[in-house]
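Worth saying up front: this structure is predicted, and the values here are computed from it rather than measured. All values below were derived from every heavy atom in this structure, side-chain atoms included, with hydrogens, water molecules and symmetry-related copies excluded.
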Amino acid sequence: MNSASSRSRTLKAVGALSLAAATALLMTGCGQSSDSASSAATSEAAKVVPQKQTTSPSATAQLTEDQQERKTVLDATKVTFDDAVTTATGEVAGSKLVELDLEGVDDDDNQSPSPTATGSPTGSPSPTGSPSPTGTGSPSASPGADGPVWAAEVAEKDGTIHTVRINAVDGKVIEARVDADQDADDKKQTADWLAQATQTPQQAAKVATEKKKGTVTSVSLDDNDGKGVIWQVDVVGSDWKKTTFDVDAKNDTIVREETDED
């Protein structure tokens, strides 16, 4: 009887120990499962948060007012600089280009007189500070309902200036007229400058765009502080910044380069 009771107590004790061990294993397993789930959730959250923090603003939002203006006008322009030159000079027989400017691009910079009184592309006075040979100003306006416009000034052999405005979308001539306010001295100066310019504006534009890839928005003949004549060429790059090049009109050498950061 005592032997049976002893065996019974032993079996109960072994059963209790087995039950405790099983319970401990179950709790450990649950803890590991919970830790794994928590670790996985943390890992997923870590993937999401950096993506939100590293999102950069759009390129358009970073543009300055001037850069946005250039982008707007150039996006709408279909007629290239070269085509505009051909159209303008073709409108006046035997003429040569003196200036070509895409209206609406950096117009506010054109405050000082240049050789043709349309304002230097850089916004600074012409090196000589002398008045324009024509004494007139070309139109300076933002693109209207009909789109952007190329404003050209071409000269006959005697220096007589004609203004030719060209639709920069379809290439049609909007206006062609002789500038009225020209005297003999104005015409002589224009004729002299053109005679000195052995390189064409197209050649000067090629030199400028080889130095900086972009779109030509302005070309004008100017005096190089009494050292001959230059073509001033404005080029707008893919960053929508404008760089002005002074290109020697006799040998296509770049004598000055300036980038507008605005």
Worksheet item: Do Gln202 and Val85 come within less than 4.5 Å of each other through their side chains, counting heavy atoms only?
Response: yes
Worksheet entry | Salt bridge present between Lys187 and Asp185 (N-O < 4.0 angstrom) | no
Worksheet entry | Heavy-atom side-chain contact between Val164 and Thr87 under 4.5 Å | no
Worksheet, complete the sentence: Taking every heavy atom of Phe81 against every heavy atom of Pro201, the minimum-distance pair comes out as CZ-O, 3.9 Å
Worksheet item: Does the side chain of Val178 come within less than 4.5 Å of Thr160's, by heavy atoms?
Response: yes
Discussion item. Return the CD to CG distance between Gln189 and Leu194, rounded to the nearest 0.5 Å.
Written reply: 10.5 Å
Worksheet item: Restricting to pairs with a member in residues 73-93, which pass salt bridge (Lys or Arg N to Asp or Glu O under 4.0 Å), not counting sequence neighbours?
Response: Lys71-Asp75
Worksheet item: Where do Glu156 and Val92 land on the side-chain contact (heavy atoms from CB on, under 4.5 Å) test, with the steps shown first?
Response: CA-CA 8 Å; Glu156 298 178 46; Val92 180; 4.1 Å; yes
Worksheet item: Is a side-chain donor or acceptor of Gln67 paired with a backbone partner of Thr64 at a separation under 3.5 angstrom?
Response: yes
Worksheet item: Given side chains that start at C-beta, do those of Val79 and Asn167 come closer than 4.5 Å, heavy atoms only?
Response: no
Worksheet item: Quick one: OG on Ser95 to NZ on Lys157, what's the gap to the nearest 0.5 Å?
Response: 13.5 Å
Discussion item. Do Val154 and Val98 make a side-chain contact, defined as non-hydrogen atoms from C-beta onward lying under 4.5 Å apart?
Written reply: no
Worksheet entry | Minimum heavy-atom distance between Leu97 and Ala152, given as atom pair plus value | CD1-CB, 4.2 Å
Worksheet item: What's the shortest heavy-atom distance between Thr77 and Pro148, and which atoms?
Response: OG1-CG, 3.4 Å
Worksheet entry | Thr217 side chain to Asp234 side chain, donor-acceptor N/O pair below 3.5 angstrom | no
Item to complete: Go through the structure and list residues passing side-chain contact (heavy atoms from CB on, under 4.5 Å) with Ala197, not counting sequence neighbours.
Response: Leu221, Val229, Trp231, Ala249
Worksheet item: Pairs in or reaching into residues 190-204: which pass salt bridge (Lys or Arg N to Asp or Glu O under 4.0 Å), with residues at least two apart or in two chains?
Response: Lys188-Asp192
Worksheet entry | All side-chain contact (heavy atoms from CB on, under 4.5 Å) counterparts of Lys250, not counting sequence neighbours | Gln196, Thr198, Asp248
Practice prompt. May I ask you to test the Glu153-His162 pair for a side-chain heavy-atom distance under 4.5 Å?
Written response: no
Worksheet, complete the sentence: side chain to side chain donor-acceptor pair (under 3.5 Å) with Arg256: of Thr244, Asn224, Asp246, only one passes, and it is Asp246
Response to the item:
Contacts of Ala208 meeting side-chain contact (heavy atoms from CB on, under 4.5 Å) (sequence neighbours excluded), chain-then-number -> Val233, Val235, Phe245
Practice prompt. Could you walk me through whether Ser220 and Asp222 pass side-chain hydrogen bond (donor to acceptor under 3.5 Å, both in side chains), step by step?
Written response: CA-CA 6 Å; Ser220 63; Asp222 205 344; 5.5 Å; no
Worksheet entry | Carboxylate-amine/guanidinium contact Arg70 Asp106, below 4.0 Å | yes
Discussion item. Tell me whether Asp179 contacts the main-chain N or O of Asp181 through its side chain, where contact means a donor paired with an acceptor under 3.5 Å.
Written reply: no
Fill in: Nearest atoms (heavy-atom pairs only) where Ile161 meets Gln182
N-OE1, 2.8 Å
Worksheet entry | Min side-chain heavy-atom separation Asp252-Val247 under 4.5 Å | yes
Worksheet item: Where do Ala76 and Val169 come nearest, in terms of heavy atoms and distance?
Response: O-CG2, 3.6 Å
Practice prompt. Kindly indicate whether the side chain of Leu102, heavy atoms from C-beta on, has any atom under 4.5 Å from the side chain of Val73.
Written response: yes
Worksheet entry | salt bridge (Lys or Arg N to Asp or Glu O under 4.0 Å) partners of residues 202-212, not counting sequence neighbours, each pair once | Lys206-Glu210, Lys211-Glu257
